[in-house]
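The next block holds one structure in the form of structure tokens; read it before the comments.
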Amino acid sequence: MILGMHAAVRSRVRDVLVDLYDLDSNRLPDVAIQYPPDRSMGDLGVTVAFELARVLRKAPRAIAADIVGALGPIEGVDRVEPAPNGYVNIFLDRARFVREALGPRPAPAGRGIRKAIVEHTAINPNKAAHVGHLRNAALGDTLVRLLRFLGIPVEIQNYIDDTGVQVADVVVGFRHIEQLSLEEVAALSERPRFDYHCWDLYTRVTAWFEDDPDRLALRARTLHDLENDADPTAQLGHLIADRIVRCHLATMDRMNIEYDLLTWEGDILRLRFWSRAFEVLQQTGAIRLETTGPQAGCWVMPLDSDTPPPVDAGPADEGGPKSKSKVIVRSNGTVTYVGKDIAYQFWKLGVLERDFHYRLHGTQRSGHALWSTTSTTEEAGRSQAAFGKADAVYNVIDTRQAYLQQLLKQALTAVGRAREAERSVHVSYEMVALSPATARALGHDLDPDAERPFVEVSGRKGLGVKADDLLDRLTEAARREVLARHDDLSADGAEAHAIATAIATAAIRYFMIKYSRGKLIAFDIDEALSFEGESGPYVQYAAVRATNILRKLYDRDGLDDGALVAALAKLPATPLEDPGDGTVAWGLLFEAARLDEVADQSIRALELSVLAKYAFGLAQMFNTFYHRCPVVAEEDEPTRLWRAAAVLYCRLQLTRTLALMGCEVPPRM
RNA sequence: GCGCCCGUAGCUCAGCAGGAUAGAGCAUCGGUCUUCUAAACCGAGGGUCGCUGGUUCGAGUCCAGCCGGGCGCGCCA
């Protein structure tokens with residue numbers, strides 16, 4: 001809503017500057033729009049007078065006065081004032097603004113991206129999901145919702161590494177430690193929390209390898225066998241990966257997270273994506289066969305370096321700059337992890353000229369279909385949507401993979417795809433570790449000498465907070481709170497459960513989003529279980545309070561949303577102009593209108609904490625309003641109705657903001 | 001050694017396409033429920049924005065160099 005006003009003001013100011021000072025319209029400084037610290041000073045502020053002071057050799061104050069004098073009427077603007085220090089302050093036509101805000105939301109622009117792919121979650125399918133995975137998924141899913149909010153079509157992919165060491169290790173565990181047959185594992189996998197069983201087994205395998213390193217030969221053989229479909233090992237691997245993925249999907253469903261496509265690494269191998277990527281890389285000279293030195297026999301990709309070594313500098317010794325290169329194909333002919341990833345990235349961007357087959361994996365809670373890649377045509381279903389071939393790709397992966405993600409961009413550049421490289425975005429974020437208190441609570445012995453503020457999660461050691469355990473505890477805590485507040489709810493009833501679930505989801509999703517992504521989270525269980533202060537439930541609570549007010553108005557006056565909006569059309573605007581409580585109501589309405597700007601900024605900076613902070617700030621402002629400006633009890637009708645409008649609009653925007661974070665507003669709490 | 005990230009109140013963090021008086025949550029202390037739900041609100045205390053220099057009318061925000069911390073840099077995945 002507010003971005004439209006920015007654009008109108010900016011464009012008008014630019015026109016005026018050109019006229020006033022005979023400036024070249026291409027060389028105008030950016031007309032920055034900001035917000036005065038207090039609504040009584042104005043709604044929008046323009047600082048361009050400061051920028052021009054030097055060029056024009058004129059005091060900012062005089063320039064501001066010139067601008068204000070020349071500006072003339074702007075649609076939606078009530079008046080403009082020059083501040084004594086040089087700001088140009090703009091006051092909006094408040095009544096008109098509110099009436100428009102409560103109308104339909106204009107279609108978003110879409111910003112020239114035909115289709116974006118967001119890859120997130122991508123948990124190794126060999127054990128239960130933990131809190132670190134929740135950060136990834138919460139960031140990824142919020143990114144998806146924001147992009148769609150801005151009008152960009154998005155395809156959500158979840159990459160499954162079903163042929164890696166992690167799955168291999170669990171296979172070894174079932175075979176050699178638990179000594180179970182395929183059928184026995186299949187039966188076990190039908191029982192609840194198979195992922196928890198594998199979590200424990202995985203740590204046992206790790207210890208088992210440590211006891212006797214010779215056993216690592218079993219891992220190597222298993223890893224090899226996993227790639228051969230006919231092998232019984234591969235069948236066991238498939239079974240485990242498939243069942244664990246179902247567990248992960250169920251966990252993510254509790255977070256309101258769904259996907260469009262599961263991409264299996266096994267399919268990338270079987271369909272020989274790599275061999276096609278290799279052709280492209282080789283033909284374009286992006287990789288070369290090393291004939292001498294330690295990398296002899298390998299296909300390598302030279303790494304970017306600002307100063308390539310001189311040709312005739314002789315053999316590179318200690319002193320000289322060493323040209324580095326990354327091995328893509330090993331001397332034994334097998335492809336490295338980077339190579340597989342390059343092939344996958346090429347496919348996402350439609351530069352591979354090869355495709356998967358697809359089968360329907362299932363239907364998700366929302367009714368949306370989930371597809372899965374497959375490598376055989378016989379089980380392939382008919383996909384309604386074409387997958388891949390995006391013109392922007394967002395890979396949500398933690399910062400430890402930054403080097404690898406950089407290599408992907410470099411490979412694209414090297415094959416002459418600079419545009420695709422630019423639109424390959426690594427959405428990086430710091431890891432989730434454990435606070436010392438939480439690590440201790442999990443039974444982990446801390447070294448008393450090492451006073452580190454966090455303990456790294458380790459799947460191998462089984463050290464971590466499992467996602468479902470956390471969600472269970474959150475739900476239980478929320479249920480207790482709700483039952484304490486509402487006598488009519490039965491302890492095990494569906495309504496209490498639904499409310500508790502919504503609160504738990506909001507609590508964890510908000511928690512995972514509120515830190516900026518470059519910040520390491522030292523996850524503390526007690527902190528995460530808090531529903532007070534800056535938290536998801538705080539934001540939900542504000543929206544629920546708004547609902548209560550509107551319900552009371554309806555019950556007493558028969559005033560529903562439509563009737564309220566209709567009444568505003570011919571209501572005098574004076575209560576909104578009142579410098580006391582009118583400023584509170586207007587300030588709330590104005591802040592609520594900033595969602596479009598906030599969404600835009602979140603995507604521009606890929607900083608989703610901006611959205612979370614906005615949600616909290618708006619909820620805070622609503623609570624201030626709530627305590628200062630009674631609605632139902634207000635006797636003056638215009639004042640009451642404008643306040644009701646503030647409540648209605650604030651609830652609408654809070655609901656939208658929560659929805660962008662994958663959170664719902666419960667009917668009560 | 002090179003690259004990326006972090007350093008703001010006792011703790012955890014916002015603020016960074018420069019702009020008006022540096023904010024919030026938690027914790028501490030003191031208030032507010034016969035009122036639209038106290039998961040809330042009001043108030044108090046608490047800051048050399050790591051250090052030094054630079055750019056600018058203006059720097060927590062941009063640049064450079066330091067200091068401290070984290071992560072990454074394999075013919076592993």
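First the proteins, then the strands, lettered A, B, ... as listed; each starts at 1.
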- [ ] Find which nucleotide of RNA chain B each of A/Gln620 and A/Tyr403 is nearest to by heavy atoms, and output the residue with the more 5' nucleotide.
- [x] A/Gln620
TODO: Would you kindly give the CD-to-P distance between A/Glu430 and B/C71, to the nearest whole Å?
DONE: 9 Å
- [ ] Have a look at A/Glu591 and tell me which of A/Ile2, A/Leu618, A/Val598 forms a side chain to side chain contact (heavy atoms under 4.5 Å, CB included) with it.
- [x] A/Leu618
- [ ] Scan A/Phe616 against the nucleic acid and name what it touches under 4.0 Å (heavy atoms): base, sugar-phosphate only, or nothing.
- [x] sugar-phosphate
- [ ] To the nearest Å, give me how far apart CZ (A/Arg556) and C1' (B/U35) are.
- [x] 13 Å
Task: Contact letters for nucleotides 55-63 of chain B, in which S counts primed atoms plus P, OP1 and OP2 and B counts the base, heavy atoms under 4.0 Å - done: --B------
Task: Whole-Å distance separating the NE2 atom of A/His426 from the C1' atom of B/G3 - done: 14 Å
Open item on the list: Students often get this wrong, so: under 4.0 angstrom with heavy atoms, is A/Thr334 touching a base, only sugar-phosphate, or nothing?
Closed with: nothing
Task: Residues touching RNA chain B, which here means a heavy atom under 4.0 Å, drawn from residues 536-548 of chain A - done: A/Tyr538, A/Tyr541, A/Val544, A/Arg545, A/Asn548
- [ ] Write out all pairs satisfying side chain to side chain donor-acceptor pair (under 3.5 Å) with one or both partners inside residues 621-632 of chain A, taking only residues at least two apart or from two chains.
- [x] A/Tyr538-A/Asn623, A/Arg545-A/Asn623
TODO: Give none if B/C71 has no partner; otherwise give the nucleotide forming a Watson-Crick or G-U wobble pair with it, both distances under 3.5 Å.
DONE: B/G3
- [ ] May I have the distance from A/Lys127 (atom NZ) to B/A77 (atom C1'), rounded to whole angstrom?
- [x] 12 Å
- [ ] From the options B/G72, B/C16, B/G15, select the nucleotide whose nearest atom is closest to the side chain of A/Val610.
- [x] B/G15
